[in-house]
Q: 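Have a look at the structure that comes next, please.
By convention in this document, chain letters (A, B, ...) are assigned in the order of the sequence lines, proteins followed by strands, and residues within each chain are numbered from 1.
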Amino acid sequence: MFENIDDALKLFDEMTQRQPLPSVVKFNQLLQAVTKMKHYSCSVEIFKQMNVIRIPVDVYTITIVINSCCQMYHTREGFAALGNGLKHAVLPNVWTFSTLLNGLILEDKIIKAERLFKKLIKKELFEPDTIMYNTMIKGLCKFGINDTAIALLKLMDERGCKPDVVTYTTIIDSLCKVKMVDDALKLFKEMVFHKYIQPNVVTYNSLIHGLCNLCRWDEVSKMLQEMKEEKISPCVETYNILVDALCKEGMVEDANGVIKLMIQRGIDLDIVTYTSLIDGYCLRGEMSKAREVFDSVEIHGVVPNIITYSSLLNGYCKNLKIEDAMHFFHEMIKKDMKPDVITYTTMLQGLFRVGHCKDAYDLFNEMRAHNEIPDGCTYTIVLEGLCNNNQVEEALSLFHLMGDNKLNLDIVVYTILIDGASKSGKIDIARILFNEVSVKGLQLDVWTYNVMISGFCREGLVGEAKKLFYTMETNGCPPDSVTCNAFLQGILKNQQHDFVEMLLKEVEGRGFTLDATTVSLLLDHIKARSLDASLLKLIGKLVPKEGVDAPCFTV
DNA sequence: TTAGGGTTAG
């Protein structure tokens with residue numbers, strides 16, 4: 001409708017001068033056009049101006065403005081607009097409240113959304129329609145409350161409000177995101193065969209994404225075939241899901257094959273396509289290829305965003321090219337992109353990896369100065385970075401400085417500190433932290449045990465390690481392959497050969513395998529005759545066999 | 001003659 005926002009504002013000015021004034025519909029159309037251009041604050045300004053010069057508004061006007069407020073995460077202002085409408089005798093309807101409900105959900109105010117939804121049902125002002133139910137279901141799904149979402153799906157059906165493809169797709173997608181793809185497929189079948197609702201490309205995208213995440217490639221192929229039979233064309237999102245899945249599996253050539261298909265079929269690559277590809281090359285350590293793609297993005301008329309930059313930074317950091325990472329970090333700032341928590345965390349990890357602790361710590365402070373609040377991941381990386389760079393004391397003091405917040409109650413954080421303390425010879429501190437875990441009401445996990453057992457073995461405290469090993473099962477945390485390998489290595493290094501055979505049988509009984517380090521250590525001890533050669537037969541059985549399932553599908 | 005909901009990348 002408009003080339004740019006100025007044209008819209010010019011038209012608004014002109015409309016306000018006309019005698020007689022254009023109808024409210026004309027103003028609503030203008031307001032909606034501005035909103036569709038995502039100039040939400042402009043839309044709100046126009047509405048305020050309309051009020052000042054007393055241009056009449058109706059429920060459409062109010063709903064459009066509420067939507068603008070909600071899209072800016074200012075739902076409170078949306079409610080104010082609702083009040084403003086009431087003052088002018090504009091009665092809200094199911095559209096108005098769906099919009100407000102959506103706003104609350106955008107801001108993660110699920111309790112408030114639920115309360116509003118229940119109030120609306122109770123007051124019986126109007127019966128919620130499919131879209132209002134869908135909005136509420138989306139909110140529940142966003143918080144992983146899938147059971148209630150499914151219950152609401154059943155309820156709406158009972159109350160005579162027909163669910164549609166969006167209702168089902170919302171829940172299917174949510175189930176796929178928590179890897180419950182089989183439940184999602186069940187719901188998909190219910191939708192198609194019992195409710196006779198046709199799936200669309202979005203439904204397929206959600207399922208394909210879920211299947212890709214579980215590496216269920218055969219079923220991905222089947223879904224793509226099914227789409228073809230149903231004459232549902234894959235869209236850019238469908239291709240992007242495949243490109244990303246292939247890149248994450250390291251199959252960048254195949255991802256490029258999909259991209260070639262996209263171009264053949266006239267599908268425009270977008271920034272998501274390029275970002276996945278960059279990430280794929282980074283993952284394989286092919287940084288010059290990643291860089292090549294990055295440089296080509298703008299040539300193709302696509303603008304890199306903060307995620308694209310973060311992917312590239314992550315690639316440079318993981319491949320220990322911190323200078324390059326720094327260069328692009330500064331470049332993105334120069335281009336007026338504000339690094340977010342993930343960007344900072346990526347850089348911090350890179351700096352710690354190459355041992356630039358001071359730079360890392362400065363950046364950590366810089367991030368807080370820019371009001372980017374470190375999350376659990378950031379703290380984990382900083383603590384781990386300090387521990388790995390022989391600064392366990394600093395890590396411990398930061399940990400205590402964090403106080404008794406959620407992070408201090410994170411088993412991952414504890415495990416890092418226990419590992420750090422024991423690796424720097426502070427086994428007593430490690431032991432104290434280990435005991436603190438249960439006191440704080442946290443559940444010890446297998447990784448924590450593994451770290452502590454390795455720590456004890458490193459200090460020659462095989463007795464303590466053994467005691468811990470045998471309490472794992474009863475504490476509801478049975479040893480895994482890593483525990484057994486770590487413990488075996490500890491036993492061998494401490495020349496406690498009597499346990500070796502028993503432990504190998506344990507490995508066999510639990511269906512685990514030996515890792516390369518353990519095998520070579522075992523062989524060394526057999527060569528040195530400190531272990532009996534008769535163990536070789538058992539060891540041979542415990543060496544892992546190769547076998548991979550690679551994706552292969554035709555789009 | 002105008003308003004609300006579901007899918008992809010760090």
Q: Using a cut-off of 4.0 Å on non-hydrogen atoms, how would the nucleic acid contact of A/Lys248 be classed: base, sugar-phosphate, or nothing?
A: sugar-phosphate

Q: Answer with yes or no whether A/Asp270 presents, from its side chain, a donor or acceptor under 3.5 Å of a partner atom in the base of B/dA9.
A: no

Q: Between P on B/dA3 and CG on A/Asn67, what's the gap in Å once rounded to a whole number?
A: 11 Å

Q: Taking the minimum atom-to-atom distance to the side chain of A/Ile131, which one of B/dG4, B/dT7, B/dG10 wins?
A: B/dG4

Q: Would you indicate what A/Leu312 reaches in the nucleic acid, counting non-hydrogen atoms under 4.0 angstrom: base, sugar-phosphate, or nothing?
A: nothing

Q: Select one nucleotide: of B/dG10, B/dG4, B/dT7, the one nearest the side-chain heavy atoms of A/Asn205.
A: B/dT7

Q: Which is true for A/Thr96 with a 4.0 Å heavy-atom rule: it touches a base, it touches only sugar-phosphate, or it touches nothing?
A: nothing

Q: Which residue pairs pass the ring-ring contact (aromatic ring centres under 6.0 Å, His included) test when at least one of the two sits in residues 66-99 of chain A, sequence neighbours left out?
A: A/Phe97-A/Phe126

Q: Tell me: CG of A/Leu30 to P of B/dA3, nearest whole Å?
A: 13 Å

Q: Quick one: label A/Thr63 by what it contacts on the DNA or RNA (base, sugar-phosphate, nothing), any heavy atom closer than 4.0 Å.
A: base

Q: For A/Thr203 and A/Thr169, does a side-chain donor sit closer than 3.5 Å to a side-chain acceptor?
A: yes

Q: With sugar-phosphate meaning primed atoms plus P, OP1 and OP2, does A/Val243 contact a base, only sugar-phosphate, or nothing at under 4.0 Å between heavy atoms?
A: nothing

Q: When only distance counts, do a donor and an acceptor, one from the side chain of A/Ser311 and one from the base of B/dG10, lie under 3.5 Å apart?
A: no

Q: When you get a sec, tell me which of B/dA9, B/dT7, B/dT2 is the closest nucleotide to the side chain of A/Ser276?
A: B/dA9

Q: Atom CD1 of A/Ile267 and atom C1' of B/dT8: how far apart are they, to the nearest Å?
A: 13 Å

Q: From B/dA3, B/dG6, B/dT8, pick the nucleotide closest to the side chain of A/Asn93?
A: B/dA3

Q: Rounded to the nearest Å, what distance is computed from the CE atom of residue A/Met223 to the C1' atom of nucleotide B/dT7?
A: 14 Å

Q: Does A/Ser23 reach a base, just sugar-phosphate, or nothing at all? Heavy atoms under 4.0 Å.
A: nothing

Q: The side chain of A/Asp244 lies closest to which of these nucleotides: B/dG4, B/dT2, B/dA9?
A: B/dA9

Q: Does A/Gln32 have a side-chain nitrogen or oxygen under 4.0 Å from the phosphate oxygens OP1 or OP2 of B/dG4?
A: yes

Q: Can you figure out which of B/dT2, B/dT8, B/dG4 approaches the side chain of A/His209 most closely?
A: B/dT8

Q: OP1, OP2 of B/dT7 versus side-chain N and O of A/Lys138: anything below 4.0 Å?
A: yes

Q: In residues 304-313 of chain A, what donor-acceptor pairs under 3.5 Å come from side-chain atoms, sequence neighbours left out?
A:
{"from": "A/Asn305", "atom 1": "OD1", "to": "A/Ile307", "atom 2": "N", "distance (Å)": "3.0"}
{"from": "A/Asn305", "atom 1": "OD1", "to": "A/Thr308", "atom 2": "N", "distance (Å)": "3.0"}
{"from": "A/Asn305", "atom 1": "OD1", "to": "A/Thr308", "atom 2": "OG1", "distance (Å)": "2.9"}
{"from": "A/Thr308", "atom 1": "OG1", "to": "A/Thr275", "atom 2": "OG1", "distance (Å)": "3.2"}
{"from": "A/Thr308", "atom 1": "OG1", "to": "A/Asn305", "atom 2": "N", "distance (Å)": "3.0"}
{"from": "A/Tyr309", "atom 1": "OH", "to": "A/Glu331", "atom 2": "OE2", "distance (Å)": "2.8"}
{"from": "A/Ser310", "atom 1": "OG", "to": "A/Ile306", "atom 2": "O", "distance (Å)": "2.8"}
{"from": "A/Ser310", "atom 1": "OG", "to": "A/Thr343", "atom 2": "OG1", "distance (Å)": "3.2"}
{"from": "A/Ser311", "atom 1": "OG", "to": "A/Ile307", "atom 2": "O", "distance (Å)": "3.2"}

Q: Nearest to the side chain of A/Asp279, which nucleotide is it out of B/dT1, B/dA9, B/dG10?
A: B/dG10

Q: Calculate the interatomic distance between A/Leu140 atom CG and B/dG6 atom C1'; express it in whole Å.
A: 14 Å

Q: Given B/dG10, B/dT2, B/dT7, which nucleotide is nearest the side-chain atoms of A/Cys235?
A: B/dT7

Q: A/Thr238 and A/Asn205: side-chain donor and acceptor closer than 3.5 Å?
A: yes

Q: So, is A/Lys177 near the phosphate of B/dG6, with a side-chain N or O under 4.0 Å from OP1 or OP2?
A: no

Q: Among B/dA9, B/dT2, B/dG4, which nucleotide has an atom closest to any side-chain atom of A/Tyr60?
A: B/dT2

Q: Quiz question: going by heavy-atom distance under 3.5 Å, is there a donor-acceptor pair between the base of B/dG4 and the side chain of A/Thr99?
A: no

Q: Just by distance, no angles: are the side chains of A/Asp164 and A/Thr130 close enough, under 3.5 Å, to form a donor-acceptor pair?
A: no

Q: Please state whether the base of B/dG10 and the side chain of A/Thr343 form at least one donor-acceptor pair under 3.5 Å?
A: yes

Q: Between B/dA3, B/dT7, B/dG10, which one does the side chain of A/Ile307 approach most closely?
A: B/dG10

Q: Is the distance between the ring centroids of A/Phe47 and A/Phe27 under 6.0 Å?
A: no

Q: Which part of the nucleic acid, if any, lies within reach of A/Met132 when heavy atoms closer than 4.0 Å are counted: base, sugar-phosphate only, or nothing?
A: base

Q: How would you label the contact of A/Thr170 with the nucleic acid (heavy atoms, under 4.0 Å): base, sugar-phosphate, or nothing?
A: sugar-phosphate

Q: Can you find an N or O donor on one side and an acceptor on the other, under 3.5 Å apart, linking the side chain of A/Asn200 with the base of B/dG6?
A: yes

Q: Using a 4.0 Å heavy-atom cut-off across all strands, classify A/Val65 as base, sugar-phosphate, or nothing.
A: nothing

Q: Looking at A/Lys36, does any N or O in its side chain come under 4.0 Å of the phosphate oxygens OP1/OP2 on B/dG4?
A: yes

Q: B/dT7 C1' sits how many Å from A/Leu242 CG, rounded?
A: 13 Å

Q: Heavy atoms under 4.0 Å, any strand shown: does A/Ile64 hit a base, just sugar-phosphate, or nothing?
A: sugar-phosphate

Q: Examine the side chains of A/Asn240 and A/Thr273 and answer whether a donor and an acceptor come within less than 3.5 Å of each other.
A: yes

Q: Under 3.5 Å, is there a donor on one side chain and an acceptor on the other for A/Asn67 and A/Thr99?
A: no

Q: Rounded to whole angstrom units, what separation is found between the CG atom of A/Leu101 and the P atom of B/dG6?
A: 12 Å

Q: Looking at every strand, decide which applies to A/Thr346 at a 4.0 Å heavy-atom threshold: base, sugar-phosphate, or nothing.
A: nothing

Q: Quick one: A/Asn240 CG to B/dA9 C1', roughly how many Å, whole number?
A: 8 Å

